[in-house]
Amino acid sequence: MAQQISYEAFEAVDIRVGTITEAKPFPEARKPAVKLTIDFGAEIGTKKSSAQLTVHYRPDQLIGRQVCAVVNFPPRQIGPFLSEVLTLGMPDEDGAVVLVRPDLRVPNGGTLF
């Protein structure tokens, strides 16, 4: 279990929901990954992310899917690609990424609370 944090520290992490509008293979990545373009609505706009989603998802299956992401981390250079948000996932029993997403469709840009 991780160290306890304050509620204020949790509030500092801006986790939003967005819809994947584009997903492409990312063969240049060190670990198998997919380049995502995610629409977070009018306030945040469209952002790019790299995610290791190659075990359970094909790029064409990701289009239109809602995902949760941290939108207030600084951008991170991953090889030739600048990842602007951290798409969230959980490991399955073998360690492969399973996306974190809402059960029902919600407006893009909604905040996790």
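Keep in mind that this is a model prediction, so the values were computed, not measured.
Taking SG from C68 and CG from L86, the interatomic distance works out to 11.5 Å, rounded to the nearest 0.5 Å. Going from atom CG of L36 over to atom OH of Y57 covers 11.0 Å, rounded to the nearest 0.5 Å. Note: S49 OG to L88 CG = 9.0 Å, rounded to the nearest 0.5 Å. Between atom NZ of residue K48 and atom OG1 of residue T87 there is a gap of 12.0 Å, rounded to the nearest 0.5 Å. Between atom OG1 of residue T37 and atom NZ of residue K47 there is a gap of 12.0 Å, rounded to the nearest 0.5 Å.
Under the 4.5 Å side-chain heavy-atom criterion for ILVMFWY residues, a single connected hydrophobic cluster contains both V100 and V70. The hydrophobic clustering, which links ILVMFWY residues whose side-chain heavy atoms are closer than 4.5 Å, places M90 and I15 together. F26 and I20 end up in different hydrophobic clusters when Ile, Leu, Val, Met, Phe, Trp and Tyr side chains are linked at under 4.5 Å. Criterion: ILVMFWY side-chain heavy atoms under 4.5 Å apart, direct or through other members. Under it, V85 and L82 are not part of a common hydrophobic cluster.
Counting Ile, Leu, Val, Met, Phe, Trp and Tyr side chains that sit under 4.5 Å apart, directly or through other members, V17 shares a hydrophobic cluster with V106.
Looking at every heavy atom in both residues, L112 comes nearest to F10 through CD2-CZ, 4.5 Å. Summarising the geometry of H56 relative to V98, their closest heavy-atom pair is CD2-CG2, 3.9 Å, with the distance given to 0.1 Å. Looking at every heavy atom in both residues, T54 comes nearest to P32 through OG1-CB, 3.3 Å. Shortest non-hydrogen contact noted between A23 and V34 is CB-CG1, 4.0 Å.
The closest donor-acceptor contact from the side chain of Q61 to the backbone of I63 lies at 3.5 Å or more, if one exists at all. Under the 3.5 Å distance criterion, the side-chain polar atoms of N72 are matched with a main-chain donor or acceptor of D14.
Of the N and O atoms on the side chains of K35 and S50, not one donor lies less than 3.5 Å from an acceptor on the other residue. Side-chain N/O atoms of D39 and T21 include no donor and acceptor closer than 3.5 Å.
Proximity of V55 to V97: side-chain heavy atoms (C-beta onward) are nowhere separated by under 4.5 Å. Between E28 and F81 the shortest side-chain heavy-atom distance does not fall below 4.5 Å. Under the 4.5 Å side-chain criterion, counting only non-hydrogen atoms from C-beta, R105 is in contact with Q66. Looking only at side-chain heavy atoms (C-beta outward), R16 and I44 come within less than 4.5 Å of each other. Within the 4.5 Å cutoff, side-chain heavy atoms of L62 are placed close to those of L99.
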